[in-house]
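So that the names make sense, note that chain A is the first sequence line, chain B the second, and so on, each numbered from 1.
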Protein chains: 2
Amino acid sequence: MTTALLPDPGSTTRTRVRRLPEKAVTDRQTLHGILDAGLIAHVAVCDTRGGPELSAQPAQPFALPVAYARADETVLFHGSTASRLFRLCAAGAPVCLTVTLLDGLVLARSAFESSMNYRGAMVLGHCAVLHGRAKHEALERISEHLMPGRWKEIRHPSEQELRATTVLELPLEECSIKVSAGGPGDADGDADLPIWAGTVPLAETWCDPIPADDLSPELASVPDYIRRWRR
Amino acid sequence: MTTALLPDPGSTTRTRVRRLPEKAVTDRQTLHGILDAGLIAHVAVCDTRGGPELSAQPAQPFALPVAYARADETVLFHGSTASRLFRLCAAGAPVCLTVTLLDGLVLARSAFESSMNYRGAMVLGHCAVLHGRAKHEALERISEHLMPGRWKEIRHPSEQELRATTVLELPLEECSIKVSAGGPGDADGDADLPIWAGTVPLAETWCDPIPADDLSPELASVPDYIRRWRR
């Protein structure tokens with residue numbers, strides 16, 4: 001019945017937002033919006049293998065940043081076939097994929113009520129390894145998520161490059177999202193203190209593109225599709 | 001002998017950068033710089049407890065964002081005493097704390113060589129729970145890391161608020177850092193393709209502060225210490 005607290009997106013006792021439940025947002029559009037707005041995700045796995053230092057229980061977690069993209073009700077991410085993280089994910093280890101968008105700081109009159117505004121999504125599950133056309137399409141999706149418009153002109157992966165790349169698909173089945181927005185919520189006694197209070201928003205912006213050292217002069221003009229990128 | 005690849009900061013076979021080793025940076029100043037530049041960290045733990053769905057092996061990882069600060073050779077972070085993440089960390093579970101600073105996108109002529117510029121730090125270990133004066137000082141350190149200059153004027157935590165907060169200390173003993181910077185490294189055959197190539201830096205900036213709805217008019221002026229914040 002705990003899952004009834006978050007009927008959608010699919011949540012369980014593992015993903016129910018236990019802290020500050022009033023900040024739990026259960027709208028799938030919000031989940032998609034958070035995932036579509038992020039540039040990197042942190043993917044965590046538990047490793048009980050490796051050297052002797054890893055054989056001891058409990059398992060050692062590893063959390064690493066990855067490039068990703070959402071496709072319908074899945075998250076796609078890719079990395080080196082030889083990396084530990086991707087070997088573990090490909091082998092079926094339970095994973096946690098977390099995307100956090102920091103929107104600003106909330107300056108309350110008390111240290112205790114001071115906090116951050118953010119949008120966060122967490123996805124638990126197991127990854128499927130993509131092959132063939134699905135793998136190629138996933139790489140295009142990730143490229144277009146990060147660099148909209150670029151896939152049509154860059155050289156696509158060769159067979160050898162595809163072999164060196166693991167592309168994983170994580171379904172958006174067991175998810176939680178948390179959104180914290182707005183101003184400080186000082187207790188009555190604190191609100192009267194003579195201290196400035198409010199929020200300081202944080203903005204992420206693309207800077208002017210820097211051409212590669214070996215870019216030929218006739219290509220100096222930055223393509224429009226890149227100039228249109230906005231954060 | 002693998003650890004010899006990363007003599008410092010203290011690295012082991014668990015934290016040795018296995019992929020793109022040429023990007024491994026082993027200078028402790030760089031580690032400190034990455035940790036000091038970040039606003040949030042992602043902390044991962046492996047949970048084998050909880051409901052039946054958690055009792056199955058292997059362990060389920062959870063990665064959640066936290067506010068943190070570096071203090072000398074430790075990382076401090078805090079959260080609700082009642083949260084699962086902090087209960088597990090406080091109980092001595094192995095943790096992974098990861099800070100990732102995304103500096104921009106690297107647009108190569110090939111999809112395979114396209115990448116991101118970033119600075120990342122990963123710290124593995126076990127947390128110590130802080131109490132008393134050390135706990136209070138850690139909260140000040142975290143506050144001053146995120147909101148420099150504010151601690152001197154805000155209301156400090158009450159005993160009740162301190163009881164509701166778990167403050168953890170993770171030593172910078174088993175660490176890895178990875179720094180990717182610069183332009184694209186296209187293969188010879190690709191460098192001649194008629195495609196714009198370069199980098200698109202990503203910048204994070206503080207926006208104009210927004211006063212709280214209940215801020216009294218005589219406090220409308222934003223304090224100088226806040227105006228001086230820079231990303």
Side-chain angles (χ1 to χ4, degrees), chain A residues 13-14 18-19 39-40 42 44-46 51 53 58-63 65 80 83-84 93-94 96 98 100 102 105 109-112 120 143 146-147 153-157 161 183-184 190-191 195-207 209-215 219 222-223, chain B residues 13-14 18-19 39-40 42 44-46 51 53 58-63 65 80 83-84 93-94 96 98 100 102 105 109-112 120 143 146-147 153-157 161 183-184 190-191 195-207 209-215 219 222-223:
Chain A
T13 53
R14 301 198 298 180
R18 289 174 169 73
R19 310 311 315 153
L39 295 171
I40 60 168
H42 282 81
V45 292
C46 299
E53 65 210 294
Q60 172 65 51
F62 293 89
S80 166
S83 81
R84 170 179 49 196
C96 173
T98 302
T100 305
L102 182 58
L105 299 180
R109 287 87 166 179
S110 71
F112 188 75
S143 175
L146 295 168
M147 307 178 289
E153 70 171 354
I154 54 177
R155 180 179 66 73
H156 294 179
E161 290 169 343
D190 294 326
I195 304 170
W196 188 91
T199 60
V200 182
L202 188 66
E204 205 174 44
T205 54
W206 296 116
C207 306
I210 301 169
D213 296 339
D214 60 356
L215 188 67
L219 293 171
V222 176
Chain B
T13 54
R14 301 198 299 180
R18 288 174 170 74
R19 309 313 313 154
L39 294 172
I40 60 168
H42 282 80
V45 293
C46 299
E53 65 209 294
Q60 172 65 52
F62 293 89
S80 167
S83 81
R84 169 178 51 194
C96 173
T98 303
T100 306
L102 181 59
L105 299 180
R109 288 87 165 181
S110 71
F112 188 74
S143 175
L146 295 169
M147 306 178 289
E153 70 171 354
I154 55 176
R155 180 179 67 74
H156 294 179
E161 290 169 341
D190 294 326
I195 304 169
W196 188 91
T199 60
V200 182
L202 188 66
E204 203 175 48
T205 54
W206 295 116
C207 306
I210 301 170
D213 296 338
D214 60 357
L215 188 67
L219 293 171
V222 177

| What residues form a ring pair (Phe, Tyr, Trp, His ring centres under 6.0 Å) with B:W206, not counting sequence neighbours? | B:W229
| Shortest non-hydrogen contact between A:Q60 and B:C46, atoms and distance | C-SG, 3.9 Å
| task | Check A:I195 against B:L219 and note the closest heavy-atom contact, atom names and distance. | result | N-CD1, 3.7 Å
| message | Do B:P201 and A:I210 have side chains that approach each other closer than 4.5 Å (heavy atoms only, starting at C-beta)? | response | yes
| field | Non-neighbouring partners of B:E204 that pass side chain to side chain donor-acceptor pair (under 3.5 Å), sequence neighbours left out | value | B:R231
| field | Pairwise side-chain contact, A:V200 with B:C207, heavy-atom cut-off 4.5 Å (strictly under) | value | no
| field | Top of A:A44, A:S110, A:A191, A:A203 for chain B proximity - count of heavy-atom pairs under 4.5 angstrom | value | A:A203
| said: Minimum heavy-atom separation for A:L146 and B:L105, please, with both atom names. | reply: O-CD1, 3.3 Å
| query | Quick check: does any side chain N or O of A:T100 sit under 3.5 Å from a backbone N or O of B:P65, one acting as donor and the other as acceptor? | reply | no
| Heavy-atom side-chain proximity of A:F62 to B:P61 below 4.5 angstrom | no
| Just how far is it from atom CZ of B:F112 to atom NE2 of A:H156, taken to the nearest 0.5 Å? | 15.0 Å
| task | For chain B, find which of A:V222, A:D213, A:T205 contributes the most heavy-atom pairs closer than 4.5 angstrom. | result | A:T205
| message | Does any backbone or side-chain atom of A:L215 lie under 4.5 Å from a heavy atom of chain B? Answer side chain, backbone, both or neither. | response | both
| field | Distance-minimising heavy-atom pair for A:C96 and B:A63 | value | SG-N, 3.3 Å
| request: Indicate yes or no: at least one non-hydrogen side-chain atom of B:L39 is less than 4.5 angstrom from one of A:L202. | output: yes
| note | Okay, A:D214 and chain B: the region with an atom under 4.5 Å from a heavy atom over there is both
| said: Which atoms of A:T199 are under 4.5 Å from chain B, going by heavy atoms: the side chain, the backbone, both sets, or neither? | reply: both
